[in-house]
Amino acid sequence: MMSQYDVIVIGSGIGGLVTATQLAAKGIKVLVLESYLIPGGSAGYFEREGYRFDVGASMIFGFGEKGTTNLLTRALSAVNMTMETIPDPVQIHYHLPNKLDLKVHRDYNKFLQELYNRFPEEKKGIKSFYDECWQVFNCLNSMELLSLEEIGYLTRVFFQHPLSCLGLLKYLPLNVGDVARKYIKNPELLKFIDMECYCWSVVPADFTPMINAGMVFSDRHYGGINYPKGGVGKIAEKLAEGLEKIGGEIHYQARVKEIIIKNNQAIGVKLADGNEYFAQKIVSNATRWDTFDKLIEKNKKPKAEIKWQKNYRQSPSFLSLHLGVEAQVLANNPECHHIILEKWNNLEAEQGTIFVSIPTLLDPSLAPNGYHIIHAFSPSSMEYWENLSTQQYEYKKEEAAGYLIQRLEKIFPGLDTGLDYMEIGTPRTHRRFLGRINGTYGPIPAKRLKGLLSMPFNRTAIKNLYCVGDSTFPGQGLNAVAFSGFSCAHRIAVDLGC
């Protein structure tokens, strides 16, 4: 079976959906192929016994109403869709070693005051560091965020915003640690900034690009954290609905087995069921490892990808607990998002840091009356879960879940006795349902790199094959992969002459 399209997108994660909707809005014939039953990937959902669980985190950037960094708002608008969102007054409540208990308030000055109270001798340095993050954000927020590979866009945006462009050039090779140490000396405060980075980049400050931090550390106070009513999965549902309304197509249970390449040029895809589809341009929303190690023949793997894999490694996946709990367990905990770490040395350790999302504090409709959802997850590597019998695997899951609940009990007393429902996910779960190699969260630097300079853009060394998502500039996070989608769609539209 042969079909012809302008663009085929492999995978319906947010990066793939934004690419597809942006192109379809220009009248380009687009097909999205999704191996699972619903769209969204890591931003999907599942339902159990009256609970609607988010697959991933529920700390969502990109729903602001002003500026240019509100990429989810803009992506939905492009296909005539909107979403009701609920503002979160606190991004994160940190529970860290040495009783370092801090809240990142939506109100910027209120957040700074919490830091001043804990580190009064560092008041000037704290203000200087976070204000420099604002400088990065203000540069980004003043210009339309499209493909940095496209010379026409770069020329236009430079003449429109020369100071912003020069500002961003200054920060491209820098990591957060480089900037933080200019202003801050207190070791505990520097560890806190490591955690500020780790909670979304999964690496400490010395490995986190300053461009990304400028976006995250500032937009949480500017556009804010806003939870989509009905759950994170609604974002992908709305984008998929909008795509189909304007003439795009999305096929589910359509697992791509191979990207068809002839004369070093991508021309189509072959599905597991034998069907083939052809297009002028092919976009992979899979990780670069899955794309170049699984979907194309090994002898066709470009040298650029071999080099990339030397610079970046797979981040760990997660041990996830999706819990339904009695409402009384959370009677004294009004914050939606928490991070828990007992010892600084365990920041990057197997199941060291615990991330907690309680979306029902913002949207009670996700759980039955009188109950809440707690999604607790902790970094975990595939190696920890491999080569186990079924019995060993189940025992290890229960053991790990028990230990995680024991640690959570210190913040949420009565959690164990208040449990109504529990589902345990491991890296094997993420690999199976999300189709990501080893269930990885995404790429992280294998060594200390110069900011974002090593992160590839959307075009690849194989003609007409593009990548989108967290394996491309600017990296991980829902708003970041939306950025990559805008960038990829713009690059393709120019290449198609649109």
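Here the structure is a predicted model, which is why all the values come from computation and not from measurement.
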What I want to find out is whether Glu84 reaches Lys234 closely enough, with some N-O distance under 4.0 Å, to be called a salt bridge.
no

Please enumerate all residues that pass ring pair (Phe, Tyr, Trp, His ring centres under 6.0 Å) together with Trp289, with sequence neighbours excluded.
Trp308

Any donor-acceptor N/O pair, Ser357 side chain to Pro359 backbone, under 3.5 Å:
no

Applying side-chain hydrogen bond (donor to acceptor under 3.5 Å, both in side chains) to Asp290 and not counting sequence neighbours gives Thr287, Lys294

With no hydrogens and no angle check, is any side-chain donor or acceptor of Asn458 less than 3.5 Å from a backbone partner on Val468?
no

Taking only residues two or more places apart in sequence, or in another chain, which ones meet Phe137 in a ring pair (Phe, Tyr, Trp, His ring centres under 6.0 Å)?
Trp134, Tyr222

Who pairs with His430 by ring pair (Phe, Tyr, Trp, His ring centres under 6.0 Å), at least two apart in sequence or on another chain?
none

Please name all residues satisfying side-chain hydrogen bond (donor to acceptor under 3.5 Å, both in side chains) with Tyr227, sequence neighbours left out, ordered by chain then number.
Asp54

Indicate yes or no: does Arg491 engage Glu149 in a salt bridge with an N to O separation below 4.0 Å.
no

Tell me every residue that passes side-chain hydrogen bond (donor to acceptor under 3.5 Å, both in side chains) with Thr360, counting only those two or more places apart in sequence or in another chain.
His372

Can you tell if the side chain of Thr426 reaches within under 4.5 Å of the side chain of Ser380, non-hydrogen atoms only?
no

Under-4.0 Å salt bridge between Lys26 and Asp6
no

